Protein chains: 2
Amino acid sequence: MNGMKRPHPSPLDRRSGIPLYRQIQQRLLEQIQSGELRQGEPLPSIQRIAALMGVSQMTVRQAVKSLCDLGVIYSRQGKGTFISGIKMERDFRQVLSFTEEMKVRGATPHSEVLSFQIQMPNQETREALGLGDKDKVFCLRRVRYADSLPMGVETSCLPVHLCPNLMETYDPATSLYEELAEQYGIQVTVTDEVIEVGKASAEEARLLQIVPKSPIFLFTRVSYLENGMPAEHVKSSYQGDRYRVVNRLMRAKRELAISS
Amino acid sequence: MNGMKRPHPSPLDRRSGIPLYRQIQQRLLEQIQSGELRQGEPLPSIQRIAALMGVSQMTVRQAVKSLCDLGVIYSRQGKGTFISGIKMERDFRQVLSFTEEMKVRGATPHSEVLSFQIQMPNQETREALGLGDKDKVFCLRRVRYADSLPMGVETSCLPVHLCPNLMETYDPATSLYEELAEQYGIQVTVTDEVIEVGKASAEEARLLQIVPKSPIFLFTRVSYLENGMPAEHVKSSYQGDRYRVVNRLMRAKRELAISS
DNA sequence: TAGTGGTCTAGACCACGGC
DNA sequence: CCGTGGTCTAGACCACTAC
């Protein structure tokens with residue numbers, strides 16, 4: 001099935017319910033990742049793909065555009081579309097819960113719950129979540145472990161009105177994001193994050209089993225739902241010896257004037 | 001000009017050379033950012049916008065899609081398209097040079113050049129840049145200042161074959177990225193970055209005017225051109241007191257199966 | 001049933017690159 | 001000149017939501 005250029009690939013499935021452009025997208029991606037198409041080489045032209053697949057050019061463009069956005073190919077007007085050779089890694093950071101992040105890294109996560117209660121938010125949390133004077137929050141403080149090694153201390157606050165029965169239904173040793181998705185249909189889509197460095201306090205050192213004043217990461221995160229509502233405010237300390245942050249930064253396609 | 005809903009907006013300019021979908025995109029964005037449309041409110045339907053603007057639905061969809069990708073609006077099949085309320089900030093991290101980053105933050109950057117020479121790369125750099133045994137690199141070591149305060153020490157290596165005349169044409173106290181863009185037409189589009197924490201060495205402490213063993217950021221970056229060619233390997237140390245990292249993470253639209 | 005967004009078509013014209 | 005990608009049209013049908 002692999003390796004040979006097929007002048008007549010198996011036809012697309014028009015009854016599968018999967019949009020044609022997704023099927024095309026998927027095929028192109030497989031050809032790229034399998035090495036059938038190599039870095040710098042051109043894709044067949046859009047016209048050619050359209051004829052080959054038996055779809056209109058617009059449909060092919062939709063597929064090609066999405067792969068351009070991912071960075072795996074790039075188009076040059078008048079020349080063609082080329083394989084970028086930029087790899088799609090799995091481990092660049094997305095909006096991920098600790099649980100998801102550790103699984104992606106191949107480690108086994110677990111948590112030790114230090115406290116879990118409903119309380120009044122402090123001012124920083126109230127402002128971050130846009131709460132009123134009387135709004136309360138769930139506050140969950142945990143030590144996070146990867147393969148039984150303590151990685152960080154994390155304090156997470158959520159508005160009570162977002163998930164009113166959390167105290168009854170949620171086992172705080174498990175993944176919070178899974179609970180939110182399954183019980184409340186809540187999906188975090190954006191997280192704003194500030195990373196700073198600091199020294200471990202006596203308490204942090206004890207919980208993380210490191211020497212006091214060791215360098216640590218300090219994270220401050222605010223997560224938002226699709227409609228822009230703030231859903232979670234997190235402050236956490238991760239130890240510097242065992243934790244690292246891996247980012248992929250893309251040059252913004254400055255298509256839009258951003259008026260201050 | 002502002003605040004009133006106009007049933008008949010000024011027509012699009014079909015002769016400007018600016019694509020219609022960009023003009024629509026820009027208008028919608030202005031209406032959102034000006035507060036004319038508020039968080040949670042629906043946009044006019046795509047049919048309505050198309051009729052209003054005198055363009056086809058596909059053109060409107062192209063504009064709407066791009067704003068969805070940015071996260072400022074979101075669409076729900078059968079219901080409509082809504083304002084997310086998620087702000088487009090200017091200061092989330094992109095692929096930015098130190099110079100660009102500081103200007104965005106409103107600070108004045110400058111650099112003290114510690115060394116600038118052609119040399120053999122160490123093994124880490126050779127591997128990061130995919131170089132052969134005989135390939136040499138430009139190596140530029142600088143202290144970076146913001147408003148005359150030392151922020152970090154940065155060592156940047158570039159393959160000689162990428163920009164062969166750099167030693168002659170480039171003033172190493174200025175922006176490297178600007179030089180690459182202007183003299184060689186080179187554009188960095190992707191940067192992979194690893195962030196770790198550490199303690200300032202004696203030399204770092206001296207250069208950064210901080211006490212030794214202060215917590216610092218350690219960055220390792222590899223930047224790529226659009227065609228996937230590695231262009232730069234950077235190791236840098238930024239002091240923890242004055243530097244912070246601000247990220248916006250988006251939940252990946254897992255439209256694509258990632259094999260392996 | 002009516003309105004919405006999502007997909008798709010079969011063309012068209014343009015701008016650009018290379019020959 | 002031709003082939004390329006980029007934009008655009010005027011429809012079509014579908015799936016979904018709300019009433």
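The structure displayed is predicted, hence computed values, not measured ones. Chain letters run A, B, ... following the sequence lines, proteins first, then strands; residues in each count from 1.
The distance from atom CE of M58(B) to atom CD1 of I46(B), rounded to the nearest 0.5 Å, is 10.5 Å. Here the straight-line distance linking atom CD1 of I73(A) with atom NZ of K65(A) works out to 11.0 Å at 0.5 Å rounding.
Between L166(B) and F116(B), the closest side-chain pair of non-hydrogen atoms falls below 4.5 Å. For the pair Q33(B) and L29(B), the minimum side-chain heavy-atom distance is below 4.5 Å. I83(A) places none of its side-chain heavy atoms less than 4.5 Å from the side chain of R38(A). Contact of the L43(A) side chain with the R48(A) side chain is not registered, since no non-hydrogen atoms from C-beta on lie closer than 4.5 Å. In this structure, the side chains of V188(A) and Y177(A) come closer than 4.5 Å at one or more pairs of heavy atoms.
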Name the pairs: protein N/O against N/O of nucleotides 2-4 of chain C, kept only if under 3.5 Å.
residue, atom, partner, partner atom, Å
dG3(C), N2, G78(B), O, 3.1
dT4(C), OP1, R48(B), NH2, 3.0
dT4(C), O2, G78(B), N, 3.3

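S97(B) and E100(B) are linked by a side-chain donor-acceptor pair at a separation below 3.5 angstrom, with hydrogens and angles left out of the test.
In the 5' to 3' direction, nucleotides of DNA chain D lying under 4.0 Å from heavy atoms of chain B begin and end at dT7(D) to dA18(D).
Residue V64(A) is out of contact with every strand shown, counting any heavy-atom pair closer than 4.0 Å.
With the nearest nucleotide of DNA chain C identified for both Q57(A) and R14(A), R14(A) has the one nearer the 5' end.
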